[in-house]
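The shown structure was predicted, so the numbers you read here are calculated from the model rather than taken from an experiment. Proteins come first, then strands; the chains are lettered A, B, ... in the order of their sequence lines, and each starts at number 1.
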There are 2 protein chains.
Amino acid sequence: MSAKHTIRRELKHAAADDTQRVLERLERTCRVRGQRVTRQRRAVLQVLLAEGGALTAYELLDRLRRSGGRSTPAAVYRALEFWMDSGLVHRMDSTRSFVLCEHPEGPHPGQLLICRQCGTVIEAEDKAVSEAASRLGSRLNFTLDVGLLELTGVCALCCARGRRTQPAS
Amino acid sequence: MSAKHTIRRELKHAAADDTQRVLERLERTCRVRGQRVTRQRRAVLQVLLAEGGALTAYELLDRLRRSGGRSTPAAVYRALEFWMDSGLVHRMDSTRSFVLCEHPEGPHPGQLLICRQCGTVIEAEDKAVSEAASRLGSRLNFTLDVGLLELTGVCALCCARGRRTQPAS
DNA sequence: GCTGCTAATGATACATTGTATCACTTCGGC
DNA sequence: GCCGAAGTGATACAATGTATCATTAGCAGC
């Protein structure tokens, strides 16, 4: 459990941390699982770490190419698929974009709150929501997948920015 | 209110009903709102009614062309956008497909349960889920959009079909 | 160190999904 | 009938995602 916990903390504080160290640890963890962390995969994760938010596959491709790589769409999608299988990256259907996950231990119930305006993504683990959904599933005889619910809206910052009538200004 | 209700009931029982009658009523309702129900729009809705489930834009296009139409992607998307604005059609991000809505009165909180295997879509209005989501939004200072949550899973039928081991073994 | 197996890559082409543009047509109000 | 706005048709294109297959890299066993 402590290994998981460490990765999670490191992801959360990656901006302030030495990115290299985080990657090395991830690499070690994946190797233990029998997975290879190759140049492509490392590069993709690095971009997502550096970005600190969500990116579409082609935005990711752009960034990789700009840093001198010769990636292709297929390569990016393969790397993303790998990280999704590892549980380190989530794909958001509503924006067709990819974001680092904070719970690398694999599939887990939870929610993604996605800001329509700035693209910020907050990952939540609200028991009330996931249990209500689960109950709804049972009621309708539907075996729901375990995974993240996507909730779109406007984040606090954008909401404040957007308000022309001043709340206190 | 009774008009809304009637449309809703008719949509629900469209398969058993006279499709033409439903369309005529929808047309009348839209006209009252100052909206035009054109040939393209009527055709798109007709296909969705006949299908009784979700279709992607290009599946819809295929069906339209097979029935002798000369539609284009743009035309289909325009018609779908029109019906979505009217609240009669929902787009599901997770499957990139479109489905008739049972609540033509406009945006409303609710859930779509989507079967991964057969594509069946059930529309639900579970207060517990939408209220839990809403509370989560408030807690995180996120102004959530009013709309349908997409929950994927496996429907009862597919679940039964898929079970190789009998339930009591 | 070799050999051979498997996983991953690179490159290309292609498939799918969605939009922009613009000339033309249709509809509804006068 | 005429006008203006809304809608259409056609074309081209943008964005997103996959299939294929020859080549390369990493690891296991010798």
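- A straight line from CZ of Phe82(A) to P of dA7(C) spans 13 Å, rounded to a whole angstrom.
- Arg65(A) places its CZ atom 12 Å from the P atom of dG10(C), with the value rounded to the nearest Å.
- Distance alone, capped at 3.5 Å, is enough to place a donor-acceptor pair between the Ser86(A) side chain and the Phe82(A) backbone.
- Note on Arg70(A): every side-chain N or O is 4.0 Å or more away from OP1 and OP2 of dT12(C).
- A donor-acceptor pair under 3.5 Å is absent between the side-chain atoms of Gln40(A) and the main chain of Ala75(A), judged by distance alone.
- The side chain of Thr38(B) contributes an N or O atom lying less than 4.0 Å from OP1 or OP2 of dT8(D).
- Following rounding to the nearest Å, Tyr77(A) (OH) and dG10(C) (C1') show an atom-to-atom distance of 17 Å.
- Under the 3.5 Å distance criterion, the side-chain polar atoms of Glu123(A) are left unmatched by any main-chain donor or acceptor of Cys101(A).
- As a whole-Å value, the separation of Glu81(A) CD from dA8(C) C1' is 13 Å.
- Between Ala74(B) and Arg36(B), it is Arg36(B) whose nearest contact on DNA chain D lies nearer the 5' terminus.
- Residue Arg96(A) places no side-chain atom within donor-acceptor reach of the base of dG18(C), judged by atom type and a 3.5 Å distance cut-off alone.
- Between Arg39(A) atom CZ and Ser71(A) atom OG the span is 8.0 Å, to the nearest 0.5 Å.
- Across the protein-nucleic acid pair, Arg42(B) atom CZ and dG7(D) atom P stand 14 Å apart, rounded to whole Å.
- In this structure, CD of Glu59(A) is placed 11 Å from P of dG17(D), rounded to the nearest angstrom.
- At a threshold of 4.0 angstrom between heavy atoms, the contacts of Arg41(B) are confined to the sugar-phosphate backbone, with no base atom among them.
- Going from atom CD1 of Ile122(A) over to atom CG of Leu151(A) covers 11.0 Å, rounded to the nearest 0.5 Å.
- Applying the 5.5 angstrom centroid cut-off and the 30 degree plane-angle cut-off, the aromatic ring of Tyr58(A) is stacked upon the base of dT16(D).
- Put simply, Gln40(B) has a side-chain N or O that comes within less than 4.0 Å of OP1 or OP2 on dG9(D).
- Between the C1' atom of dT17(C) and the CG atom of Leu80(B) lies a distance of 12 Å, rounded to the nearest Å.
- Here dT26(C) presents its P atom at 22 Å from CD of Gln35(B), a figure rounded to the nearest Å.
- From one end of the helix from dG1(C)-dC30(D) to dC30(C)-dG1(D) to the other, with five pairs defining each end axis, the axis direction shifts by 30° (rounded to 10°).
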Please lay out, stage by stage, how Leu55(A) and Ser97(A) fare under the test side chain to side chain contact (heavy atoms under 4.5 Å, CB included). CA-CA 5 Å; Leu55(A) 287 175; Ser97(A) 59; 5.7 Å; no
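- In terms of phosphate contacts, Arg91(A) brings a side-chain nitrogen or oxygen within less than 4.0 Å of OP1 or OP2 of dG17(D).
- For dG10(C), the base has a donor-acceptor partner in the side chain of Arg78(A) [N/O atoms by modelled type, under 3.5 angstrom].
- Hydrophobic clustering (ILVMFWY, side-chain heavy atoms < 4.5 Å, transitive): Leu112(B) and Leu149(B) are in distinct clusters.
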